Student: 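My structure is below; once you've seen it, I'll send some questions.
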2 protein chains.
Amino acid sequence: MCLNRYLITRRMVTNGDFMGTYINKDKVLVAVDCIIFGFDPQREVLQLLLIKRDFKPKKGRWSLMGGFMKKHEDLREAAVRVLTELTGLDNIYLEQLKTFGKIDRDPVERTVSVAYSALINTTEHDSGLINQYSARWFDISEVPDLIFDHDFMVKTAIKRLQYRASVQPIGFELLPEKFTMRQLQKLYEEIFNQKLDKRNFIKKINSLKVLEKLKEKDMTSSRKGSFLYRFNHQKYQEKLKAGFVFKV
Amino acid sequence: MCLNRYLITRRMVTNGDFMGTYINKDKVLVAVDCIIFGFDPQREVLQLLLIKRDFKPKKGRWSLMGGFMKKHEDLREAAVRVLTELTGLDNIYLEQLKTFGKIDRDPVERTVSVAYSALINTTEHDSGLINQYSARWFDISEVPDLIFDHDFMVKTAIKRLQYRASVQPIGFELLPEKFTMRQLQKLYEEIFNQKLDKRNFIKKINSLKVLEKLKEKDMTSSRKGSFLYRFNHQKYQEKLKAGFVFKV
DNA sequence: CCAAAAGTGTTTATGATACACCCATGA
DNA sequence: TCATGGGTGTATCATAAACACTTTTGG
């Protein structure tokens, strides 16, 4: 590390080759921020995970889960580590969203932040664990003002989520293993922020042929009860390999 | 800068608030790499701009136009500056592509690189200027091996280009002001790497209603000559505002 | 028997695809 | 007159959108 750096510097001094290429270049902090979406199947709302900062600056304000990349760690690994440290969430697939590099985005130090995003199935992840870490789910319509440029990051993430939802059967990452058609539809309505026609929606979803209709019914939401469905990962993978586009 | 940093450190020492938040965090080099696409309307090929490195490491190898962000400069500005310094290209709209953060992507120093991409109209930009800077256009099918992870960056950029081309009338950024339908079609064929039906293509393009057919003909490619078209930016902006999706 | 949510089909409009011949011109 | 690239139209199919009534059952 320091040694390594010294050696390179020596080489540069010796033959001049690296001159102007790596020395005298500014180094800055590289942050990672995690934008985690969830869906509450009972209340049928899209949610965002936030933490309350118990340190300055902006102590007491809500923020995305963020931290700094270490020199000897991959960027993505840094995001995974930070998320785990702050929420206990483990084994989450984080997708890179965008990098935010405005000069004054962090008032303390020049920091470039790489935002990562994930969709999680809240019923599969221990919410007690999340609470323990002073993290909390917010309904997407009730997200408070966030620190720095985190509001903008969230806006960007929602746009990306809408795009992803339009080309992939995204619902299955956010719903419990078994779910009703109504829940799936509500999820899409939340993501796109618009009402969808029940009949057309079901037709389209069925045409994708990646759902199994189960014999079981969910009896909590009506007297008649509604059938439960399950996502068939194998069929999905086969279709994906065949180049099928899951336009919803 | 150094002063500023010192003050913050003092405050941290005084009240402990910043402890563990900003101090002892690793700083790394933040690079920007520019992926510039062009289109040669004569030869009807998609092209990529590269430079020959005249410095180590990888001296003599071809590479994207890259450099390091300065501490007191926006990330995007850094990309614009680097592009201008290395190619003379000015006034280019660079769109952020993705950030590459593998631990060993640069063998010399830990570097996180943010890739930016742009489409340029080669006839509007002084190619003499580019040559002066030891930059060169390569046909997309003949791009040489590049340094570091630049090959992967280019692959990623091409995918993004294909996506953008499918939802925006992208051709107009890459073509000269006046162009023929054939050139436009060839451009899309190059981007998607597949043949398109002439009649269907023209129908689709016309349905977008953002082209003006001129009275002039281009006589260089056939005896009959082919009509020239021009992109109508105003119509495009109006449609864009109205939420029109330019699916091609 | 009624309230509340579940479930189900048809029609129409729009856009995508496939496909082949005539036109204008310079040499 | 002919070789070359330019230019045009129709029929079919697939998907999207609009739209309303019946079913089930617990209370």
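Predicted model only: the values in this text are computed from it and were never measured. Just the heavy atoms: all of them, side chains too, but no hydrogens, waters or symmetry mates, feed the values below. The sequence lines fix the lettering, A, B, ..., with proteins before strands; numbering per chain opens at 1.
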Student: In whole angstroms, how far is the C1' atom of D:dG6 from the NZ atom of B:Lys198?
Tutor: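 So the NZ-C1' distance, B:Lys198 to D:dG6, works out to 6 Å.
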Student: Is there side-chain contact between B:Leu174 and B:Thr122, with at least one heavy-atom pair below 4.5 Å?
Tutor: no
Student: Without decimals, in angstroms, what is the distance between A:Lys195 NZ and D:dC19 P?
Tutor: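 Rounded to the whole Å, the gap is 17 Å.
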Student: Looking at B:Arg223, does any N or O in its side chain come under 4.0 Å of the phosphate oxygens OP1/OP2 on C:dA27?
Tutor: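 Looking at the OP1 and OP2 atoms of C:dA27, neither is under 4.0 Å from any side-chain N or O of B:Arg223.
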Student: Report the residue (A:Lys204 or B:Ser226) whose heavy-atom-nearest nucleotide on DNA chain D is the more 5′ of the two.
Tutor: B:Ser226
Student: Is any N or O donor-acceptor pair between the side chain of B:Lys203 and the base of D:dT10 shorter than 3.5 Å?
Tutor: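 By the distance-only test, yes, there is a pair.
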Student: Measure the spacing between NZ of A:Lys98 and CD1 of A:Ile35 and express it to the nearest 0.5 Å.
Tutor: 12.0 Å
Student: Between residues 208-216 of chain A and DNA chain C, which residues have a heavy-atom gap below 4.0 Å?
Tutor: A:Lys213
Student: Taking salt bridge (Lys or Arg N to Asp or Glu O under 4.0 Å) as the cut-off, I'd like each qualifying pair that reaches into residues 44-54 of chain A, sequence neighbours left out, listed once.
Tutor: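 Only A:Glu44-A:Arg182 qualify under salt bridge (Lys or Arg N to Asp or Glu O under 4.0 Å).
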Student: Just checking B:Ser207: base, sugar-phosphate only, or nothing, at a heavy-atom cut-off of under 4.0 Å?
Tutor: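 Result for B:Ser207 = nothing.
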Student: For the pair made of CZ in B:Phe201 and C1' in D:dG7, what is the distance, rounded to whole Å?
Tutor: 15 Å
Student: May I ask you to say whether A:Arg164 pairs ionically with A:Glu95, meaning some side-chain N is under 4.0 Å from a carboxylate O?
Tutor: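 Judged by the 4.0 Å cut-off on N to carboxylate O distance, A:Arg164 and A:Glu95 do form a salt bridge.
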Student: Would you mind checking if A:Asp197 and A:Arg199 are paired as a salt bridge, meaning a charged N to carboxylate O distance below 4.0 Å?
Tutor: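 Yes, A:Arg199 and A:Asp197 are salt-bridged.
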Student: Measure CZ/A:Arg199 against P/D:dC21 and give the value in whole Å, please.
Tutor: 10 Å
Student: One thing to verify: whether B:Lys178 and B:Asp218 come together as a salt bridge, which I'm taking to mean a side-chain N less than 4.0 angstrom from a carboxylate O.
Tutor: no
Student: What is the distance, to the nearest angstrom, from the NZ atom on B:Lys224 to the C1' atom on C:dA24?
Tutor: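 Whole-Å distance recorded here is 5 Å.
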Student: Would you mind reading off the distance between B:Asp218 atom CG and C:dG26 atom C1', rounded to a whole angstrom?
Tutor: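 Nearest whole value for this atom pair: 15 Å.
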Student: Take the protein atom CG of B:Asn206 and the nucleotide atom P of D:dG7, then report the distance between them rounded to whole Å.
Tutor: 11 Å
Student: Verify the ring-centre separation between A:Tyr229 and A:Phe179: is it less than 6.0 angstrom?
Tutor: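 Here the rings of A:Tyr229 and A:Phe179 have centres that are no less than 6.0 Å from each other.
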Student: Could you tell me the separation between the CG atom of B:Leu196 and the P atom of C:dA18, rounded to a whole number of Å?
Tutor: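 Spelled out: CG on B:Leu196 to P on C:dA18 is 11 Å.
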